[in-house]
Amino acid sequence: MASRASRDVLRRGLSVLGLAIREQPRIFAVAVAGSVVFGVMVIASAYVVGAVVGDVVVPAVARGSVAVGALAAAAAALFGLSVLRVVGIFGRRLGAGFMQFRLQAAYRRRVTRRYLDLPLSWHQRNATGTLLSNANSDVEAAWHPIAPLPFAVGTLVMLVGAIISLFVTDWALALVGLAVFPALFTLNVVYSRRMAPRQQRAQRLRAEVSGIAHESFDGALVVKTMGREAQETARFAARTGQLRDALISVGRLRGLFDPLLETLPSLGTLAVLVVGAVRLRQGAITVTELVSVAFLFTVLAFPVRAIGWVLAELPRSVAGWDRVRRVLDATGEMSYGDVTLDPADPRPATLGFADVHFAYEPAEAHLPGTQVLGEVTFTVPAGRTVALVGPTGAGKSTIASLAVRLVDARSGTVTLDGVDVRRLTAGSLSGTVALVAQVPFVFDDTVRANIALDRPGIGDEEVWAALRLAEADGFVAALPDGLDTMVGERGASLSGGQRQRLTLARALAGRPRLLVLDDATSAVDPRVEAAILAGLRSAGPDTPATSILVVAYRRATIALADEVIYLEQGRVVARGTHPELLATVPGYADLVTAYEQAEAEGEQAGGPGGRSRPYEPVVPLNSGLDVEVDR
């Protein structure tokens with residue numbers, strides 16, 4: 001079983017190398033040409049050294065004098081061969097390095113591009129640390145054997161040339177070579193088979209260590225506030241300890257095989273000298289030939305190791321490639337149509353949901369999906385504001401994701417201006433709709449860069465207009481460098497409300513015809529929130545005509561909406577104006593009142609703005625079940 005697994009690793013590893021050669025054939029050819037030049041010069045050097053010893057040194061010792069011309073010719077020959085060897089080494093290393101780094105860069109781009117193409121549901125099933133490992137260490141591992149590959153190919157050519165040279169010189173010495181060279185290759189194969197499971201385990205543990213580290217760093221606030229520093233440190237230490245042990249196991253195996261790989265050529269040289277001395281006494285060979293063969297065995301020891309380096313790295317390469325290919329072969333990316341909406345259309349868009357059903361995919365294929373929405377039908381008319389209200393788990397954020405097509409409905413249709421969003425081009429969709437999510441995200445860049453995002457047509461004038469509309473121009477003007485102020489990683493230098501207003505300004509700068517606010521102003525003072533929403537409703541010179549779908553919790557926000565959609569258990573149970581629902585839907589009235597009470601208690605405890613988001617009470621639904629995660 002182990003032998004079959006090792007052969008499988010060898011076969012798959014060679015297929016990965018074949019893929020690399022097919023992708024970079026010219027660079028590989030240059031590198032192999034340099035390696036072949038080096039190999040030929042090694043063989044030639046052996047015979048030149050033999051000639052110098054047999055034809056120059058030995059006669060000089062016998063005569064008691066040195067022939068200057070012969071010595072100069074020998075020196076010139078050795079120097080010329082050395083220059084050619086340097087040229088071969090330069091071509092081999094330059095080509096191999098260029099090929100390896102080009103492949104790594106290309107596949108990092110492919111993996112990252114694939115991440116952006118895959119739907120949100122796929123990312124939810126994969127840890128961020130694992131994805132970082134796929135794009136970094138796994139890509140690096142997949143193409144790590146490329147560096148010694150041209151050397152190994154050139155070495156094979158050199159070995160064939162050496163065997164032919166041995167047979168031309170003397171059959172007995174050739175038999176020694178036939179015994180030593182296959183033994184070296186066999187030892188390398190055994191080494192690779194033993195190394196395969198160790199390298200695969202080490203590569204898997206590298207990804208796990210990366211995942212734990214990213215999770216701990218990303219959740220630093222929770223770790224510190226919950227006093228979990230020691231536990232997280234212990235969790236990380238346990239996995240790094242496993243990685244340490246795996247790498248030590250790799251090192252021990254190398255420590256065992258390296259001396260054997262070094263010793264075998266030396267034993268071959270010794271055998272050549274013993275057999276050669278006998279053949280020399282018999283007159284079958286000359287001193288020149290004996291010295292040439294002995295020197296050849298000596299200099300071949302290092303190049304032959306290149307084959308071992310490739311074989312030893314194949315298991316790690318296969319492990320890395322399997323993890324990279326899992327991303328590249330992942331399915332489920334959204335396909336876009338060819339219908340475009342007029343980008344110059346100044347009118348607000350109309351959003352429609354018609355009998356929409358949605359279920360989140362399970363973490364494992366054999367598990368059932370989580371049903372979130374069923375029979376959802378409503379419309380956001382052009383230029384109107386519609387508020388989504390419901391208890392935790394009612395499906396509000398899912399509706400927001402469907403509106404901007406982060407996910408697709410299982411059945412039913414979501415339309416923009418009467419066109420199914422699945423028929424729209426990607427550019428048409430992103431140019432028409434903008435989402436401001438629950439959790440604001442800003443890049444570690446300037447205020448200007450965070451709002452403009454290098455989009456054409458968005459200069460400082462448009463940035464300031466968006467900031468004014470988001471009620472953010474005042475605090476941005478007060479920053480040390482204004483628009484050029486660096487906001488830090490995830491906007492660390494800004495408050496929660498300031499981050500929310502920046503992300504809102506980012507969305508508004510693109511002048512969307514439909515704006516989806518998923519609880520996007522919860523960290524903003526209620527008076528500022530009211531001013532923002534009122535500004536969005538009144539179109540003017542700096543205000544784009546926009547339809548608004550808002551996930552709302554505050555009574556003041558809900559009251560600004562033209563219509564309120566009340567959700568329970570992923571279904572629309574009531575719709576109407578805020579006063580109508582307060583008077584006719586007890587569940588709605590209880591929920592809004594609970595939000596108000598929770599927010600008032602939060603302000604009394606921490607002051608205005610002290611809470612980043614009002615408490616969402618878990619309201620008993622008709623089934624008697626409490627849903628604790630807002631999807």
Side-chain angles (χ1 to χ4, degrees), residues 13-49 76-112 135-162 184-185 188 192 199 203 254 258 261-262 265 295-296 298-321 324:
L14 292 177
S15 69
V16 174
L17 297 182
L19 174 63
I21 295 171
R22 289 193 299 273
E23 291 207 6
Q24 303 288 336
R26 294 182 181 178
I27 301 175
F28 180 72
V30 170
V32 170
S35 182
V36 170
V37 168
F38 171 80
V40 171
M41 291 306 104
V42 166
I43 297 174
S45 297
Y47 284 92
V48 169
V49 168
L78 290 174
F79 178 77
L81 290 174
S82 298
V83 170
L84 292 176
R85 286 177 65 179
V86 169
V87 170
I89 292 172
F90 180 78
R92 182 194 77 218
R93 290 188 175 179
L94 182 64
F98 198 69
M99 180 178 177
Q100 181 184 30
F101 297 139
R102 280 194 67 170
L103 284 168
Q104 289 176 352
Y107 274 84
R108 283 193 176 102
R109 290 194 297 269
R110 292 184 192 181
V111 169
T112 303
N136 187 26
S137 63
D138 290 333
V139 169
E140 183 176 324
W143 305 120
H144 197 69
I146 297 302
L149 178 61
F151 196 9
V153 174
T155 297
L156 290 174
V157 174
M158 183 172 59
L159 288 178
V160 172
L184 276 172
F185 184 77
N188 277 308
S192 174
Q199 289 280 29
Q203 192 64 21
R254 282 178 175 165
D258 279 357
L261 293 171
E262 291 284 355
F295 185 79
L296 184 62
T298 301
V299 296
L300 280 177
F302 176 73
V304 168
R305 295 292 307 280
I307 301 173
W309 294 336
V310 173
L311 294 176
E313 292 297 335
L314 284 185
R316 183 185 173 197
S317 173
V318 169
W321 174 247
V324 170

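If you're wondering where the values come from, they're calculated on a predicted model, not measured in any experiment.
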J.: Work out which heavy atom in V48 is nearest to a heavy atom in A77; give both atom names and the distance.
T.: CG1-CB, 4.1 Å
J.: Could you tell me if Y107 and E23 have a donor-acceptor pair between their side chains, going purely by distance under 3.5 Å?
T.: yes
J.: Could you give the distance from CG (L17) to CZ (R22), rounded to the nearest 0.5 Å?
T.: 10.5 Å
J.: Rounded to the nearest 0.5 Å, how far does CZ of F28 lie from CD1 of I146?
T.: 8.0 Å
J.: Please check if the side chain of S35 supplies one atom and the backbone of P150 the other of a donor-acceptor pair under 3.5 Å.
T.: yes
J.: Could you give the distance from CD1 (I27) to CD1 (I21), rounded to the nearest 0.5 Å?
T.: 12.5 Å
J.: Got a second to check how far L81's CG is from Y47's OH, nearest 0.5 Å?
T.: 14.0 Å
J.: Ignoring hydrogens, what is the shortest heavy-atom contact between P145 and S317? Give both atom names and the distance.
T.: CG-CB, 3.5 Å
J.: Does some side-chain heavy atom of V40 sit less than 4.5 Å from a side-chain heavy atom of M158?
T.: no
J.: Going from NE2 on H144 to CD on Q100, what distance comes out if it is rounded to the nearest 0.5 angstrom?
T.: 6.5 Å
J.: Measure the spacing between CD of Q24 and CG of L103 and express it to the nearest 0.5 Å.
T.: 5.0 Å
J.: Is the shortest side-chain heavy-atom distance between W321 and V139 below 4.5 Å?
T.: no
J.: Looking at side-chain heavy atoms only, is the closest gap between L19 and W143 below 4.5 Å?
T.: yes
J.: Under the 3.5 angstrom rule, does the side chain of R85 hit a backbone N or O of M41 as a donor-acceptor pair?
T.: no
